[in-house]
Amino acid sequence: MDWNVMAQYLPQYEKAAWLTLRLGVAGIFWAILVGLVCAVLQYEKVPVLRRIVGAYIRLSRNTPLLVQLFFLYYGLPKIGIKTNAELCGIAGLAFLGGSYMAEAFRSGLEAIEPIQTESALSLGMRRRRSLCSCSGARPR
């Protein structure tokens, strides 16, 4: 093994590791945000929005990530939307991860017994506050 070759390419590996970490953290952040919004929309049972979110979840979970990334990177410029590779990577991770997060958050919200929500509402809490009170979080 030639250690000189390893030392020569080590800075590129370091840059690639930081890029991977940055893309992963950004993708997870946006996936959590998208998943939380979609889960609340499904939990609240708004008819039109619930169907749109359901279609998004089915589409996203039934297509491979690589296909989604190809569509974002090569398909969007065909319709006039120009982005860079990093943004396409983050958007792809957020698109796929958001659908999985939405199902996880939705199942968590639906696990709350209806009596708990009814009790919170009877105590004078607003609907939004009753959603947040189960986890101990305080909305602003």
Side-chain angles (χ1 to χ4, degrees):
M1 179 178 283
D2 188 8
W3 291 102
N4 292 329
V5 173
M6 295 288 284
Q8 177 185 357
Y9 291 108
L10 191 61
Q12 289 179 328
Y13 284 121
E14 182 182 3
K15 285 185 350 187
W18 284 113
L19 177 64
T20 302
L21 185 64
R22 193 170 66 236
L23 291 178
V25 168
I28 290 170
F29 170 78
W30 286 106
I32 290 172
L33 192 65
V34 167
L36 194 57
V37 168
C38 290
V40 169
L41 288 175
Q42 279 195 317
Y43 181 73
E44 292 296 327
K45 296 178 177 59
V46 179
V48 174
L49 294 178
R50 188 172 189 190
R51 286 188 180 185
I52 293 171
V53 169
Y56 153 68
I57 290 172
R58 281 191 301 279
L59 173 73
S60 178
R61 290 180 70 179
N62 290 326
T63 55
L65 177 61
L66 191 58
V67 171
Q68 294 173 14
L69 292 174
F70 274 128
F71 173 75
L72 290 171
Y73 192 73
Y74 294 112
L76 290 180
K78 297 285 184 186
I79 61 172
I81 301 172
K82 305 278 187 209
T83 61
N84 60 8
E86 287 183 32
L87 189 60
C88 285
I90 292 170
L93 291 173
F95 187 76
L96 180 66
S99 63
Y100 284 99
M101 293 286 183
E103 288 297 295
F105 290 145
R106 183 196 52 79
S107 66
L109 287 171
E110 288 181 357
I112 300 170
E113 293 293 328
I115 192 71
Q116 288 183 325
T117 305
E118 291 168 4
S119 298
L121 295 175
S122 69
L123 289 172
M125 289 184 176
R126 294 187 179 137
R127 180 90 171 134
R128 180 174 171 236
R129 175 73 173 132
S130 70
L131 283 175
C132 297
S133 65
C134 297
S135 65
R138 295 181 180 245
R140 295 182 182 190

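Side chains included, hydrogens not; waters and symmetry mates left out as well; all remaining heavy atoms used. Numbers for residues simply follow the sequence, beginning at 1.
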Kindly state each residue pair satisfying salt bridge (Lys or Arg N to Asp or Glu O under 4.0 Å) with at least one member in residues 27-43, sequence neighbours excluded. none

For Q42, check side chain to side chain donor-acceptor pair (under 3.5 Å) against everything at least two apart and list the hits. none

Are E44 and V40 close enough, and set up right, to give a side chain to side chain contact (heavy atoms under 4.5 Å, CB included), and what steps lead you there? CA-CA 6 Å; E44 292 296 327; V40 169; 4.2 Å; yes

Applying the 4.5 Å side-chain criterion to the ILVMFWY set and letting contacts propagate, would V37 and W30 be lumped into a single cluster? no

Could you tabulate the donor-acceptor pairs under 3.5 Å formed by side-chain atoms of residues 8-18, not counting sequence neighbours?
none

Residues that L123 engages under side chain to side chain contact (heavy atoms under 4.5 Å, CB included), provided they are two or more places apart: none

Using the rule that two of Ile, Leu, Val, Met, Phe, Trp, Tyr join whenever any of their side-chain heavy atoms come within less than 4.5 Å, decide whether L19 and F29 are in one cluster. yes

Under 4.5 Å between side-chain heavy atoms, counting indirect links through other Ile/Leu/Val/Met/Phe/Trp/Tyr residues: same cluster for Y100 and I32 or not? no

Could you state whether L59 and L49 fall into the same hydrophobic cluster, counting links through intermediate Ile, Leu, Val, Met, Phe, Trp or Tyr residues with side-chain heavy atoms under 4.5 angstrom apart? yes

Heavy-atom nearest pair, T63 first then Q68, reads OG1-NE2, 2.7 Å

Inter-residue atom distance L33.CG - M101.CE, 0.5 Å rounding: 11.5 Å

Going by the side-chain hydrogen bond (donor to acceptor under 3.5 Å, both in side chains) test, which pairs reach into residues 51-61, not counting sequence neighbours? S60-S99

Qualifying residues under side chain to side chain contact (heavy atoms under 4.5 Å, CB included), relative to V67, sequence neighbours excluded: P64

If I take atom CG from residue N62 and atom CD1 from residue I57, how far apart are they, to the nearest 0.5 angstrom? 11.0 Å

What residues, two or more places apart in sequence or in another chain, satisfy side chain to side chain donor-acceptor pair (under 3.5 Å) together with S107? none

What pairs of residues pass the salt bridge (Lys or Arg N to Asp or Glu O under 4.0 Å) test when at least one of them lies in residues 91-101, not counting sequence neighbours? none

What are the two closest non-hydrogen atoms of A39 and F105, and how far apart are they? CB-CB, 3.4 Å

Residue list, side chain to side chain contact (heavy atoms under 4.5 Å, CB included) with T20, at least two apart or on another chain: none

Can you list, pair by pair, the side-chain donor-acceptor contacts under 3.5 Å of residues 82-98, counting residues two or more places apart and other chains?
{"residue": "N84", "atom": "OD1", "partner": "L87", "partner atom": "N", "Å": "2.9"}
{"residue": "E86", "atom": "OE1", "partner": "R22", "partner atom": "NH2", "Å": "3.3"}
{"residue": "E86", "atom": "OE2", "partner": "R22", "partner atom": "NH2", "Å": "3.4"}

Go through the structure and list residues passing side chain to side chain contact (heavy atoms under 4.5 Å, CB included) with F70, not counting sequence neighbours. L66, Y74

With sequence neighbours excluded, tell me which residues meet side chain to side chain donor-acceptor pair (under 3.5 Å) with E110. R106

